[in-house]
Number of protein chains: 2
Amino acid sequence: MNTSQPIPIAIIDDHTLFRQGLISLLSEFPELDIIFEASDGRDMQQRFSSARAVPEVILMDITMPVMDGFAATAWVRQHYPEMHILALSMREDDKAIIRMLRSGAGGYLLKESKALEVLNAIKTIREHGHFLNDLVTLRLLRNLQNNATSGAGLELSNNELKFLQLCCSELTYKEIADQMNLSPHTIDNYRQEIFQRFHIKSRTGLVLFALRNELISL
Amino acid sequence: MNTSQPIPIAIIDDHTLFRQGLISLLSEFPELDIIFEASDGRDMQQRFSSARAVPEVILMDITMPVMDGFAATAWVRQHYPEMHILALSMREDDKAIIRMLRSGAGGYLLKESKALEVLNAIKTIREHGHFLNDLVTLRLLRNLQNNATSGAGLELSNNELKFLQLCCSELTYKEIADQMNLSPHTIDNYRQEIFQRFHIKSRTGLVLFALRNELISL
DNA sequence: AATAAAAAAGTGAAAAACAGCTTTTGTTTT
DNA sequence: AAAACAAAAGCTGTTTTTCACTTTTTTATT
């Protein structure tokens with residue numbers, strides 16, 4: 001099943017020269033069959049209907065006019081869930097990589113890659129549903145762990161912390177006072193103090209503040 | 001620097017037999033130097049002060065009495081940021097793996113692993129700060145992509161959605177009405193309707209609801 | 001065009017949240 | 001023991017939120 005039929009692929013990239021070059025390179029491989037190419041997400045959507053076949057793997061650029069790679073990937077994900085998307089971009093910042101994966105890409109390659117690497121990635125993603133190189137895995141881990149910088153350098157007293165955590169519920173301040181065995185007025189002091197210190201103006205603001213600083217987890 | 005000094009390690013696991021067996025196996029490797037062992041997180045904390053040296057890598061079980069692997073890892077992370085933690089557990093569910101990595105583990109091994117794999121992982125994590133095998137990378141990707149199941153099956157009208165999103169701010173209902181070009185009373189209708197439909201009792205509840213269903217992102 | 005259903009707008013009243021400022025209590029400092 | 005300080009509790013008044021209802025306007029259906 002691997003050698004018999006070539007893998008149908010599509011290439012989405014707004015730089016004509018790069019696209020043509022890539023097609024030229026990949027045409028050398030009999031394992032691949034390039035179904036269509038498109039210059040951005042919108043263009044891709046149209047090609048789907050007129051194409052002679054359905055691609056199994058899509059090579060997707062990120063930076064494109066009209067409809068970028070994030071949106072295009074999300075769209076494919078929704079309309080053709082079985083299709084595999086391999087991001088192919090010059091960008092190697094965490095943000096781009098994470099967002100592309102979150103949008104539904106199963107792998108991420110830099111444009112500096114060699115043709116054989118691309119071929120290998122296409123085969124891998126077709127077979128396993130994902131192509132995970134060091135580039136990707138490192139960012140994934142970093143993303144997860146960086147997010148876990150729970151409330152550092154916030155300088156909250158124990159009571160203030162507990163108060164903030166209880167704020168993230170449907171308890172009224174009065175009920176929070178009961179839970180903490182304090183007078184409602186004391187709770188009001190905490191509230192006012194925190195409002196002032198962190199430029200917060202409402203109970204809703206308290207909840208968002210606690211959440212953003214990971215003082216609680218949903 | 002790799003071959004000269006053995007790598008100081010510690011082993012935290014509540015099953016004495018497993019711990020002893022592991023120590024016996026790893027003692028065979030001259031590249032390792034087992035500084036201490038502990039039966040749970042609390043025990044580990046105490047051993048730190050009395051140990052003859054500081055470990056560079058800690059092999060950490062998850063399921064333990066008193067103080068489990070998650071808490072112990074977070075503690076080490078905070079008090080010895082330079083130390084590397086290698087999770088070593090029987091559990092292979094997404095939840096455990098993700099949570100352990102989020103707590104600060106740099107790698108995750110199953111207890112079925114071979115001794116040589118453990119040795120290799122220890123070396124890798126000491127050198128690169130992380131040991132990323134397929135087990136880990138797969139879960140990381142899945143975690144990221146699964147999380148993108150924003151508010152499915154919630155049946156909210158466009159206006160209700162926009163209202164909920166605006167609720168996650170310090171705007172008052174009146175200001176939200178302005179933003180949406182609607183009367184405050186209509187906003188009140190939305191509020192009341194959503195309160196009833198999803199058993200919510202306060203503005204705070206609305207924020208939490210929107211957040212839990214990923215209607216907005218922080 | 002009549003009718004039903006949904007969305008939007010309105011009233012009025014009670015509870016909760018917000019703001020500013022004062023007093024009491026308890027602990028530390030000297 | 002007095003002074004200094006912070007945490008806790010208190011008071012007053014305004015605004016926002018919440019609740020239970022009714023009415024008008026718009027949209028869809030037959």
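Numbered from 1 within each chain, the chains take letters A, B, ... in sequence-line order.
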Rounded distance (Å) that lies between atom [atom2] of [N] and atom [atom1] of [X]:
| X | N | atom1 | atom2 | result |
| --- | --- | --- | --- | --- |
| A/N181 | D/dA8 | CG | P | 12 Å |
| A/R203 | C/dA15 | CZ | C1' | 14 Å |
| B/Y190 | C/dA9 | OH | P | 8 Å |
| B/H185 | C/dA9 | NE2 | C1' | 7 Å |
| A/E170 | C/dA17 | CD | P | 11 Å |
| B/I176 | D/dT17 | CD1 | C1' | 12 Å |
| B/E160 | C/dA7 | CD | P | 7 Å |
| A/F163 | D/dA7 | CZ | P | 15 Å |

**OP:** May I ask you to decide if B/Y108's main-chain N or O and B/N133's side chain share a donor-acceptor pair within less than 3.5 Å?
**Re:**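 Present.
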
Subject >> A/R203 side chain vs A/T172 backbone, donor-acceptor pair below 3.5 Å >> reply: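 No; judged by distance alone, with no hydrogens or angles, the pair does not exist.
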
**OP:** Test for a donor-acceptor pair under 3.5 Å between the base of D/dC19 and the side chain of B/D188, counting only N and O atoms.
**Re:**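 Such a pair is found, so the answer is yes.
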
**OP:** Would you mind classifying the nucleic acid contact of A/S157 as base, sugar-phosphate or nothing, using non-hydrogen atoms under 4.0 angstrom?
**Re:**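 Counting heavy atoms under 4.0 Å across all strands, no contact is made by A/S157.
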
Original post:
Would you say D/dC19 has OP1 or OP2 under 4.0 Å from some side-chain N or O of B/R191?
Top reply: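 Yes, B/R191 has a side-chain N/O under 4.0 Å of OP1/OP2 on D/dC19.
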
Original post:
Under 4.0 Å between a side-chain N or O of A/N189 and OP1 or OP2 of C/dC21?
Top reply: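 So the side-chain polar atoms of A/N189 never come under 4.0 Å of the phosphate oxygens OP1 or OP2 of C/dC21.
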
